[in-house]
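The structure appears below as structure tokens.
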Amino acid sequence: NAGVTQTPKFQVLKTGQSMTLQCAQDMNHEYMSWYRQDPGMGLRLIHYSVGAGITDQGEVPNGYNVSRSTTEDFPLRLLSAAPSQTSVYFCASSQDRVETQYFGPGTRLLVL
Amino acid sequence: EDQVTQSPEALRLQEGESSSLNCSYTVSGLRGLFWYRQDPGKGPEFLFTLYSAGEEKEKERLKATLTKKESFLHITAPKPEDSATYLCAVRGGYSGGYQKVTFGIGTKLQVIP
């Protein structure tokens, strides 16, 4: 079991560029979510999905899009990167929305 | 609004020197308190889930306890490999379509040989 995997590990973008952060899990978990972690702040929820084809917004969704075409994959898209999106992004999954979440290794994003 | 406050922000211990980390919380209807360990450059690693006051869980040198207002992570005879940031999180009631999970900033623990 690889658990939750994320790619890339590190990315540098210029303001206005777009990119997709990849997340995959092999635990057959229904619930997946994206968080961002910034210095001096706790992890904050960006978007989440309760199953294939179902997504919804979390606490800080602006500037991000998600889709969930399969149980395994949950990509996060930045439409037009801004310096405020410089952060470390974590994907997490759990059996359902009330169970313990397991996190991936993270993607460190720098927007210049 | 749900809140999680962890203290101290940083803690430096000698190897073998036991101590406790604190997580104070305010939440409307606790549906789980979580402890995670996070090593530099890595994702949070799950340690414990506690659901009700009085509950305790142990794993190796770690023991988590829960009251109605706070949780403690007790570290007994720590080793250098216990050095990490420990995160506390609480799951509360529904916010929109999801049960919001609020994370604390963490306590950075350093254990010196």
Side-chain angles (χ1 to χ4, degrees), chain A residues 1-10 21 23-25 27 29-51 54-61 66 87-109, chain B residues 1-10 21 23-27 29-52 55 57 59 64 71 84-108:
Chain A
N1 258 359
V4 180
T5 58
Q6 293 183 237
T7 56
K9 289 185 179 181
F10 181 70
L21 281 64
C23 173
Q25 52 92 9
M27 298 175 281
H29 284 171
E30 290 295 325
Y31 186 82
M32 296 185 73
S33 54
W34 276 101
Y35 289 86
R36 60 179 289 172
Q37 187 174 42
D38 301 294
M41 302 184 75
L43 287 154
R44 291 181 293 167
L45 182 66
I46 303 171
H47 284 286
Y48 67 98
S49 169
V50 299
I54 307 170
T55 64
D56 208 342
Q57 297 180 352
E59 186 182 354
V60 286
V66 292
S87 187
V88 182
Y89 292 85
F90 291 102
C91 179
S93 75
S94 58
Q95 186 60 45
D96 57 40
R97 67 173 75 198
V98 298
E99 290 297 322
T100 300
Q101 295 183 84
Y102 295 90
F103 286 82
T107 293
R108 187 173 297 271
L109 177 67
Chain B
E1 184 177 326
D2 299 346
Q3 287 189 331
V4 174
T5 303
Q6 292 188 247
S7 60
E9 290 186 8
L21 312 183
C23 172
S24 297
Y25 65 90
T26 304
V27 64
L30 181 68
R31 289 168 173 80
L33 184 139
F34 308 92
W35 282 99
Y36 288 87
R37 168 193 172 126
Q38 186 172 24
D39 292 299
K42 297 193 175 181
E45 175 188 344
F46 170 72
L47 293 173
F48 305 109
T49 305
L50 303 169
Y51 290 101
S52 57
E55 190 175 358
K57 289 193 176 174
K59 179 181 179 180
S71 177
T85 296
Y86 292 84
L87 302 176
C88 174
V90 294
R91 173 178 281 133
Y94 279 91
S95 174
Y98 66 99
Q99 283 186 321
K100 185 177 179 182
V101 178
T102 302
F103 283 83
I105 297 171
T107 293
K108 186 174 183 179

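Just so we're on the same page: letters track the sequence lines, and every chain starts at 1.
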Test: salt bridge (charged side-chain N to carboxylate O under 4.0 Å, His left out). Region: residues 34-49 of chain B. Which pairs qualify, not counting sequence neighbours?
B:Arg37-B:Asp39

Are B:Phe103 and A:Leu45 side-chain neighbours, meaning at least one heavy-atom pair lies under 4.5 Å?
no

Option that, when pairs with chain B are counted at under 4.5 Å, heavy atom only, ranks first among A:Arg44, A:Gln37, A:Lys9:
A:Gln37

Could you tell me whether the side chain of A:Tyr35 reaches within less than 4.5 Å of the side chain of B:Val101, counting heavy atoms only?
yes

Option in B:Ile105, B:Val4, B:Thr49 with maximal non-hydrogen atom pairs under 4.5 Å from chain A:
B:Ile105

With a 4.5 angstrom heavy-atom cut-off, which part of B:Glu9 approaches chain A: side chain, backbone, both or neither?
neither

Provide the closest heavy-atom pair for B:Gly43 versus A:Phe90 in the form atom of the first, atom of the second, distance.
CA-CE2, 3.3 Å

Winner by heavy-atom pair count (cut-off under 4.5 Å) against chain B, out of A:Cys91, A:Gly106, A:Pro105, A:Ser33
A:Pro105

Who are the side chain to side chain contact (heavy atoms under 4.5 Å, CB included) partners of B:Val27, not counting sequence neighbours?
B:Asp2, B:Tyr25, B:Leu30, B:Val90

What part of A:Gln101 gets within 4.5 angstrom of chain B, counting heavy atoms only: side chain, backbone, both, or neither?
both

